[in-house]
Amino acid sequence: MEAQGAATTEGPPAPRLRPLSFGEILDVAIKLCVSNGATLLKAVVFVVLPVQVVSTIITISTGGADFDVFGDTNAGGHSAHETNVYVAGQVGAALLQTIAVVLATGACFRAIARAYLAEKPDWRESLRFAVKRFPQILWIGVIYIATFALAVVVIAVPMALAGTVASFVVGGIVLFVLFVWLYIVWSLAVPALMVEDVRGVKALRRSQSLVTGRWWQTFAVIMLGFLLASVLSSVIQAIFVGVILVGVDTSSLLAWVIIGLAGLVSLMITTPFQAALLLVVYFDLRVRKEGFDLELLAERFGSTGRLQATPVPAATPQPSGIPGYEPPAAPGTPYWPAPEGPRGTPPPRPDPGPPPPGWAPPSTDS
């Protein structure tokens with residue numbers, strides 16, 4: 001039993017993977033967020049909080065205190081230079097926030113994937129992993145944006161040549177449909193990168209291969225999750241905006257701090273949920289299409305501990321005088337101690353056959 005215990009680690013039981021229904025996918029995503037809430041919140045806050053502070057400082061230092069937090073420029077009472085500096089500050093702050101969200105999302109992917117393997121995720125390890133994969137995540141985003149930009153150019157040229165209202169309406173609809181289609185088809189590229197380490201175009205193709213044949217179901221789950229996250233984010237933002245409207249000057253430093261805090265709280269809640277939802281969809285499609293095996297994934301994902309194979313103990317001592325021979329084991333004796341859990345037992349040791357000539361059992365005479 002000691003050998004068995006050494007091959008395992010304490011932790012929650014490994015999930016039994018099977019195809020999930022629409023509601024079960026959402027339920028599993030929510031439960032993953034709740035059960036690993038402390039780890040996910042730490043991963044998000046550690047990245048987003050400093051960036052929110054820096055973004056607020058940039059906004060204030062570039063003249064944000066002279067502008068309204070809701071976008072009002074005080075009836076045009078600013079010079080062109082002041083407006084340009086303010087806009088540049090906003091662009092810089094938005095860029096920093098985008099980087100922070102990407103890192104936080106990557107860390108959530110890592111942590112949730114480890115939780116799905118019945119391991120205890122660590123927010124520090126998850127962040128380190130996300131930092132290592134950050135260039136690949138950005139590269140996937142660049143490919144996506146470049147592809148859609150090329151489609152815009154290709155569709156916009158006929159629209160401009162036609163110059164009619166109907167052409168602009170049709171072109172706009174086509175672009176919208178294309179954007180939604182690409183978003184769903186490539187929505188699992190980052191999960192594939194974080195779990196399987198497939199990169200760039202290969203990650204996009206991997207996502208497409210998983211979604212093909214399940215596009216509408218994937219669209220429904222992701223869009224519902226997006227709507228839930230949007231509603232929750234809007235409620236949070238509305239609460240903080242209400243605080244500003246009650247008794248805070250909308251162009252004051254306090255108003256900008258409150259707006260930054262609203263963004264932080266919103267990201268703390270919605271980022272883990274959206275990452276969990278995409279990962280559950282990713283695992284579900286692998287179960288449906290590939291007969292997804294948890295132990296194989298654990299091995300490829302770098303899992304350690306209880307999902308590793310149990311080592312084979314030393315062989316039974318050989319009878320003297322007959323090198324290499326071992327008498328048959330009792331019926332049903334396993335070749336090595338079976339690992340704990342519902343994974344099954346290894347096959348029994350094969351029967352070595354009859355003893356060689358000249359061999360006899362040890363004498364029992366005293």
Side-chain angles (χ1 to χ4, degrees), residues 14-15 17-20 25-26 28-29 32-33 36 40 43 101-119 121 125-148 179-223 225-226 271-303 307:
L17 299 183
R18 59 176 177 79
L20 301 176
I25 291 177
L26 293 173
V28 171
L32 282 170
C33 292
N36 301 279
L40 296 172
V101 170
V102 171
L103 282 176
T105 303
C108 289
F109 275 130
R110 174 69 173 183
I112 293 169
R114 295 193 74 86
Y116 214 89
L117 293 175
E119 294 185 343
E125 186 275 338
S126 299
L127 277 177
R128 288 194 296 268
F129 190 86
V131 170
K132 291 180 181 179
R133 293 293 187 272
F134 181 72
Q136 287 78 34
I137 297 175
L138 284 186
W139 179 232
I140 289 175
V142 168
I143 297 174
Y144 179 89
I145 294 173
T147 302
F148 186 72
F179 173 79
V180 174
W181 181 80
L182 280 178
Y183 179 80
I184 299 301
V185 166
W186 288 347
S187 61
L188 305 181
V190 175
L193 165 68
M194 302 300 285
V195 176
E196 303 178 63
D197 197 25
V198 289
R199 308 180 180 188
V201 175
K202 291 182 179 179
L204 296 172
R205 290 175 179 171
R206 175 64 170 149
S207 176
Q208 183 175 357
S209 68
L210 290 173
V211 174
T212 299
R214 299 279 303 178
W215 190 94
W216 283 108
Q217 293 85 347
T218 306
F219 167 80
V221 173
I222 292 178
M223 286 299 103
F226 176 79
T271 300
F273 171 70
Q274 290 179 309
L277 185 65
L278 287 177
L279 268 174
V280 175
V281 171
Y282 164 81
F283 287 134
D284 181 68
L285 290 177
R286 290 195 64 181
V287 169
R288 294 176 183 273
K289 293 194 167 190
E290 302 173 351
F292 176 79
D293 185 88
L294 186 62
E295 292 186 11
L296 176 61
L297 177 73
E299 179 182 348
R300 295 188 61 186
F301 195 61
S303 174
L307 292 178

Qualifying residues under ring-ring contact (aromatic ring centres under 6.0 Å, His included), relative to Phe273, sequence neighbours excluded: none
CD on Gln208 to CG on Leu182, rounded to 0.5 Å: 9.0 Å
Heavy-atom pair of closest approach, residues Thr271 and Cys108: CG2-SG, 4.2 Å
Atom of Gly106, atom of Ala130 and distance for their closest heavy-atom approach: C-CB, 3.7 Å
Heavy-atom pair with the smallest gap, counting every atom of Leu32 and Ala115: CD2-CB, 4.3 Å
Within-4.5 Å side-chain heavy-atom neighbours: Tyr116 and Val28: yes
Side chains of Leu279 and Val195 in contact at under 4.5 Å (non-hydrogen atoms): yes
Test side-chain contact (heavy atoms from CB on, under 4.5 Å) applied to Ala189 - qualifying residues, sequence neighbours left out: Ile140, Ala203, Leu204, Ser207
Contacts of Arg206 that satisfy salt bridge (charged side-chain N to carboxylate O under 4.0 Å, His left out) - sequence neighbours left out: Glu196, Glu290
Residues in side-chain contact (heavy atoms from CB on, under 4.5 Å) contact with Trp215, at least two apart in sequence or another chain: Val180, Trp181, Ile184, Val185, Val211, Phe219
Closest contact, heavy atoms only, Lys289 versus Leu210: NZ-O, 2.9 Å
side-chain contact (heavy atoms from CB on, under 4.5 Å) partners for Val201, two or more places apart: Ile143, Arg205
Pair Thr218-Leu285, side-chain contact (heavy atoms from CB on, under 4.5 Å): steps then yes or no: CA-CA 9 Å; Thr218 306; Leu285 290 177; 4.0 Å; yes
Residue list, side chain to side chain donor-acceptor pair (under 3.5 Å) with Glu125, at least two apart or on another chain: Arg110
Residue list, ring-ring contact (aromatic ring centres under 6.0 Å, His included) with Phe179, at least two apart or on another chain: Phe148
Partner set under side-chain contact (heavy atoms from CB on, under 4.5 Å) for Val101, not counting sequence neighbours: Thr105, Leu267
Smallest separation among heavy atoms of Ser126 and Ala107, with atom names: CB-O, 3.4 Å
Nearest-0.5 Å distance that lies between atom CG in Leu127 and atom CZ in Phe134: 12.5 Å
Passing candidate, side chain to side chain contact (heavy atoms under 4.5 Å, CB included) with Phe109, options Arg114, Arg133, Met194: Met194
Separation between CE of Met223 and OG of Ser187, rounded to the nearest 0.5 Å: 8.5 Å
Any residue meeting ring-ring contact (aromatic ring centres under 6.0 Å, His included) with Tyr144, in chain and number order, not counting sequence neighbours: Trp186
Close side-chain approach of Ile112 to Asn36, heavy-atom, < 4.5 Å: no
